[in-house]
Amino acid sequence: MRKIVVSLSEGRSYPVFVGKMLFGEKGWKDCVFFPSKRGVLITNTTLDALHTDKLVSSFEQEKFTLGKVVIPDGEAHKNLTTVEAIYHELIRFDIDRRNFLLSFGGGVVTDITGFVASTFLRGIDYFQIPTSLLAQVDSSIGGKTGVNLQEGKNLVGTFYQPRGVFIDLSFLETLPEREYREGLSEILKVAFLSGGDFLEFVEKYREAIKRRDWEVLEELVILAVDFKRRIVEEDERDRGLRSILNYGHTVGHALEKALGYGVIRHGEAVAIGMVGEAFLAWKLGMSNEKIFKQQRAILQSFGLPVSLEYPLDRLTCVSALCRDKKKEEGQIRFVFLKDFGSPQWGVEVNENDLEWVLSFLEKREE
């Protein structure tokens, strides 16, 4: 078990543990402070069938009492209807402010659980056990919670940090290939933003990463988590530097909305979004063709999409872009890469630029 500590202002901090079969290790419960011995596990239908009995048993052996709430699987259920259903279940379990929530799932479950924890009884503790690669390196860390509205993705949410994160890499062994690849999209995003040794590591161990080599994967996850830790510590509430983590997400979120949640996975949309945003940066003279083409080639080499394979409702997509939550004073703002390791955030773009990007992604130009 390896430990990374996220240290925030006012003495706040929480541990992130990375390893394999974490809950089989002796004394795992002593590594993090639990406010009580009573909590509720929140998971989805898929994971409930595969893993929850064993996880609940691990807690029960340590004298915890866990209730369980199972929500439908999929991005389409990341909404306020699901949140309200969870509230009612927590009331049924008679949960109070000293109890805790335990998130067990991918990005949808981690985001919803954090949002519920931040709002139920005006805030109770929660812990993350992310099971997808995407959630392990991104949504489980940093305290961003949120749900989708009909008008767009993550338009309702809070900043609310977990009390601890358990990244158990053994869950990746049963992760479907498509879900594994979408997690690699978030890791490649970080590699592009970081450049240097991180990007070199990704390119050097490409084949080992693709075949889920245990030792390489552990190091890769730790590199990604530590990068996010540094960003969150410097800008917890996304007022500046943390904006760089939105690279590829502005276009990506709009594609998810326009195509329909579930048609394209989040990580796939982010991969296409990075290509579109890199293309626009090149065309606006803020980057160059080499950086654009290298990003696209790396994403392709990991089996990620770099263009649209589905018919796109252009009007809905542009409308979603114009409603993006990162918009300021009516102006859409992007993250661009001047070079690997040199991101620039808060770049203003206009609707003509957006049309230009979408046209490029639909044509699948070389």
Side-chain angles (χ1 to χ4, degrees), residues 74-76 78 106-108 132-139 148 152-154 172 175-193 199 202-203 206-207 209-212 220 224 245-283 287 289-314 316-318 320-321 324 334-337 340 354-366:
E75 186 77 30
K78 185 181 170 183
V108 171
S132 70
L133 182 58
L134 188 149
Q136 289 178 350
V137 300
D138 185 41
S139 58
N148 306 330
K153 189 175 172 78
N154 293 334
L172 301 182
L175 197 68
E177 183 62 26
R178 187 179 179 189
E179 289 184 48
Y180 179 71
R181 284 199 307 268
E182 77 157 332
L184 293 178
S185 176
E186 288 286 352
I187 289 177
L188 293 174
K189 176 199 76 176
V190 174
F192 297 156
L193 294 170
L199 187 56
V202 164
E203 295 197 272
R206 178 185 290 112
E207 296 307 314
I209 293 168
K210 288 165 67 175
R211 66 172 181 266
R212 311 190 200 191
L220 185 68
L245 298 177
N246 292 315
Y247 185 50
H249 286 63
T250 304
V251 170
H253 283 171
L255 294 178
E256 287 183 86
K257 166 63 180 172
L259 293 171
Y261 295 122
V263 173
I264 188 171
R265 299 195 67 88
H266 173 67
E268 295 168 342
V270 169
I272 297 170
M274 284 190 281
V275 172
E277 292 172 26
F279 171 77
L280 184 57
W282 165 34
K283 292 301 182 181
S287 184
E289 183 179 11
K290 180 182 176 182
I291 297 300
F292 158 69
K293 288 190 171 180
Q294 191 172 346
Q295 287 180 77
R296 186 174 62 175
I298 291 171
L299 290 164
Q300 283 180 310
S301 74
F302 280 93
L304 287 159
V306 294
S307 59
L308 286 166
E309 301 295 334
Y310 304 93
L312 181 69
D313 181 339
R314 186 83 66 85
T316 300
C317 192
V318 172
L321 280 162
D324 187 83
F334 274 41
V335 178
F336 286 155
L337 278 187
F340 294 116
L354 302 180
E355 291 280 357
W356 197 9
V357 169
L358 296 177
S359 294
F360 167 75
L361 292 175
E362 285 184 302
K363 289 178 181 177
R364 297 187 284 279
E365 293 181 11
E366 295 300 324

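Values below: all heavy atoms of this structure, side chains included; hydrogens, waters and symmetry mates excluded.
In this structure, CZ in F334 is found 5.0 Å from CG in L354, a value given to the nearest 0.5 Å. To the nearest 0.5 angstrom, L175 atom CG is 9.0 Å from Y180 atom OH. Taken to the nearest 0.5 Å, the CZ atom of R314 stands 4.0 Å off from the CD atom of E362. Of the inter-residue distances, the one linking I209 atom CD1 with L133 atom CG reads 10.0 Å to the nearest 0.5 angstrom. Taking CG from L134 and CD from E186, the interatomic distance works out to 4.5 Å, rounded to the nearest 0.5 Å. Summarising the geometry, atom CZ belonging to F302 is positioned 8.0 Å from atom CD belonging to E203; distances are rounded to the nearest 0.5 Å.
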Report the C-alpha separation of R296 and M274 in whole Å, then their side-chain angles, then the decisive distance to 0.1 Å, and conclude whether the side-chain contact (heavy atoms from CB on, under 4.5 Å) test is met.
CA-CA 8 Å; R296 186 174 62 175; M274 284 190 281; over 6 Å; no
List the steps and the verdict of side-chain contact (heavy atoms from CB on, under 4.5 Å) for V275 and F360.
CA-CA 10 Å; V275 172; F360 167 75; 4.0 Å; yes
With side-chain contact (heavy atoms from CB on, under 4.5 Å) as the criterion, how do R265 and E75 come out once you've worked through the C-alpha distance, each side chain's angles and the decisive distance to 0.1 Å?
CA-CA 9 Å; R265 299 195 67 88; E75 186 77 30; over 6 Å; no
Let's go through E277 and H249 carefully: what are the C-alpha distance in whole Å and the side-chain angles of both, what is the deciding distance for side chain to side chain donor-acceptor pair (under 3.5 Å) to 0.1 Å, and is it a yes or a no?
CA-CA 9 Å; E277 292 172 26; H249 286 63; over 6 Å; no
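Contact detail for R178 and V263: the closest heavy-atom pair is NH2-O, 3.5 Å. Annotation for P311 and L259: closest pair O-CD2, 3.3 Å, computed over non-hydrogen atoms. Contact detail for Y247 and V270: the closest heavy-atom pair is O-CG1, 4.1 Å. In plain terms, the two heavy atoms of L321 and A254 that are nearest each other are CG-CB, 3.5 Å. Taking every heavy atom of both residues into account, G107 and S139 meet most closely at CA-OG, 3.4 Å. The minimum heavy-atom distance between S307 and L361, with the atom names listed, is CB-O, 3.6 Å.
Using modelled atom types, no side-chain atom of N154 and backbone atom of N148 make a donor-acceptor pair closer than 3.5 Å. Judged by distance alone, with hydrogens and angles left aside, the side-chain atoms of Q300 form no donor-acceptor pair with the main-chain N or O of V306 at under 3.5 Å. Of the possible polar contacts, one joining the K210 side chain to the S301 backbone as a donor-acceptor pair under 3.5 Å is found. S185 contributes a side-chain N or O that, together with a main-chain N or O of G267, makes up a donor-acceptor pair within less than 3.5 Å. Listed for the K189 side chain is a donor-acceptor partner under 3.5 Å among the backbone atoms of L245. Of the possible donor and acceptor atoms, one in the side chain of S287 sits under 3.5 Å from a partner among the backbone N and O of L337.
Contact of the L220 side chain with the V202 side chain is registered, since non-hydrogen atoms from C-beta on lie closer than 4.5 Å. Between L255 and L312, some side-chain heavy-atom pair lies under the 4.5 Å cut-off. Counting heavy atoms from C-beta outward, L199 and I298 have side chains that approach closer than 4.5 Å. Side-chain atoms of I264 and E256, non-hydrogen and from C-beta on, do get closer than 4.5 Å to each other. Side-chain contact between K78 and Y261 is absent, with no heavy-atom pair separated by less than 4.5 Å. At least one side-chain heavy atom of I291 sits less than 4.5 Å from a side-chain heavy atom of F340.
Of the charged side-chain nitrogens involved, none lies within less than 4.0 Å of a carboxylate oxygen, so that E207 and R211 do not count as a salt-bridged pair. Ion pairing between a basic and an acidic side chain is recognised when a charged N comes within 4.0 Å of a carboxylate O; E177 and R212 show such pairing. Between E268 and R181, no side-chain nitrogen of the basic residue sits less than 4.0 Å from a carboxylate oxygen of the acidic one, so the salt-bridge criterion is not met.
The aromatic rings of F279 and W356 sit perpendicular to each other, their planes meeting at more than 60°, with 30° as the lower class boundary.
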